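On a predicted model such as this, the values are computed, not experimentally measured, just so you know.
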Amino acid sequence: VADPEGQVKVSTPVAAGELAIVTGGWPAAARPITAVRARDGSIAWRHDRGSPYTTTPIVYDRLLYIVTDNGILSAYQVTDGVRVYQHRLPPVAGSFSASPVAAAGRLYFSGEDGQVIVVRAGRTFEVLATNDMNDVVMATPAVSGDLLLVRTKSRLYALRNRN
């Protein structure tokens, strides 16, 4: 997809059924979210703003979740791009470089300040937990079975639900 206003693309396109979702870019004024039809390359929908520079969006249970570098989380309907909600993730001062992951009805957002924020997947914004890793987190977590693997600047954690 040609984007004459965006000079740099960073995040990975995300496949969602017949659509490819493309985000990211620099300068900040030109960070569109674009859904492209795979069959012919035409644009299904587009938002001129709201895209992150670094993080890759995630599609989970028919919703597209995008967290911007400054911690604004938006959820969109994949099919038509209608925004379902938009909220700032706690803590307000956090910056996000790691891409979100999802499992078991939850989304995991890792802030550079070491906070891993757990949000319930779905049409209503709800923070379930905030876990302090006490170290810088820049890497995207990984999910393996019932483990969430989080790499900080100095450690690797394997987290499992107590239940």
Side-chain angles (χ1 to χ4, degrees), residues 1 9-25 31-39 43-91 94-133 137-152 156-163:
V1 172
K9 296 295 183 208
V10 176
S11 59
T12 303
V14 175
E18 294 295 318
L19 298 176
I21 312 295
V22 182
T23 63
R31 291 193 184 159
I33 304 164
T34 308
V36 181
R37 291 182 188 93
R39 70 176 180 270
I43 295 175
W45 55 264
R46 177 184 167 103
H47 291 283
D48 290 330
R49 302 182 67 78
S51 178
Y53 176 60
T54 307
T55 65
T56 298
I58 189 167
V59 174
Y60 188 77
D61 200 21
R62 296 184 308 271
L63 291 176
L64 169 70
Y65 298 91
I66 295 175
V67 64
T68 60
D69 306 43
N70 64 353
I72 304 295
L73 172 62
S74 300
Y76 300 89
Q77 295 177 164
V78 171
T79 54
D80 57 12
V82 170
R83 189 168 64 200
V84 175
Y85 67 72
Q86 185 175 63
H87 289 277
R88 180 176 293 280
L89 292 174
S95 182
F96 293 80
S97 295
S99 298
V101 295
R106 297 176 184 94
L107 299 150
Y108 299 88
F109 300 91
S110 299
E112 291 179 12
D113 62 356
Q115 303 296 312
V116 177
I117 300 150
V118 185
V119 174
R120 183 180 311 279
R123 302 182 68 81
T124 303
F125 176 76
E126 180 185 358
V127 175
L128 298 174
T130 300
N131 302 287
D132 190 353
M133 305 313 295
V137 178
M138 301 286 288
T140 298
V143 176
S144 178
D146 64 347
L147 290 178
L148 178 68
L149 302 167
V150 178
R151 182 172 57 92
T152 70
L156 175 64
Y157 292 96
L159 307 172
R160 178 178 285 138
N161 189 341
R162 287 183 217 165
N163 300 331

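- Not one N or O on the side chain of Arg106 forms a donor-acceptor pair closer than 3.5 Å with the backbone of Ala121.
- Between Val127 and Pro90, some side-chain heavy-atom pair lies under the 4.5 Å cut-off.
- Listed here is the closest heavy atom pair of Ala98 and Ser110: CB-O, 3.9 Å.
- Under the ring pair (Phe, Tyr, Trp, His ring centres under 6.0 Å) criterion, the residue pairs touching residues 62-81 are His47-Tyr76, with sequence neighbours excluded.
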Taking it one step at a time, do Ile58 and Val14 satisfy side chain to side chain contact (heavy atoms under 4.5 Å, CB included)?
CA-CA 7 Å; Ile58 189 167; Val14 175; over 6 Å; no

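- For Ile33 against Trp45, the heavy-atom pair with the smallest separation is CG2-CZ3, 3.7 Å.
- No more than 12 heavy atoms of other residues, nucleotides or ligands shown are found within 6.0 angstrom of CD on Glu18.
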Under the criterion side chain to side chain contact (heavy atoms under 4.5 Å, CB included), I'd like the reasoning laid out for Thr54 against Met138: C-alpha separation, chi angles, the key distance, then a yes or no.
CA-CA 11 Å; Thr54 307; Met138 301 286 288; over 6 Å; no

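- The side-chain heavy atoms of Met133 and Leu159, taken from C-beta on, include a pair separated by under 4.5 Å.
- Between Val137 and Gly114, the closest heavy-atom pair is CG2-CA, 3.8 Å.
- Taking CG from Leu73 and CZ from Phe125, the interatomic distance works out to 6.0 Å, rounded to the nearest 0.5 Å.
- Between Tyr53 atom OH and Asn70 atom CG the span is 15.0 Å, to the nearest 0.5 Å.
- Contact between Gly105 and Tyr60 at its shortest, heavy atoms only, is N-OH, 2.9 Å.
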Report the C-alpha distance between Phe96 and Ile117 in whole Å, list the side-chain angles of each, state the deciding distance to 0.1 Å, and finish with yes or no for side chain to side chain contact (heavy atoms under 4.5 Å, CB included).
CA-CA 11 Å; Phe96 293 80; Ile117 300 150; 3.9 Å; yes

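- Residue pairs meeting the side chain to side chain donor-acceptor pair (under 3.5 Å) criterion with at least one partner in residues 140-151, sequence neighbours excluded, are Asp146-Arg160.
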Residues Thr23, Ile66; criterion side chain to side chain contact (heavy atoms under 4.5 Å, CB included); working and verdict:
CA-CA 9 Å; Thr23 63; Ile66 295 175; 4.0 Å; yes

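- Within a 6.0 Å radius of CZ in Arg120, no more than 12 heavy atoms belonging to other residues, nucleotides or ligands are found.
- Between Val67 and Pro52, the closest side-chain pair of non-hydrogen atoms is not below 4.5 Å.
- No side-chain donor-acceptor contact under 3.5 Å links Tyr85 to the backbone of Arg123.
- When all heavy atoms of Ala44 and Leu19 are compared, the pair lying nearest together is CB-CD2, 3.6 Å.
- Side-chain contact, Ser97 with Glu112: a donor N or O sits under 3.5 Å from an acceptor N or O.
- Within the 4.5 Å cutoff, the side chain of His87 has no heavy atoms near those of the Glu126 side chain.
- Counting heavy atoms from C-beta on, the side chains of Leu64 and Ile21 come closer than 4.5 Å.
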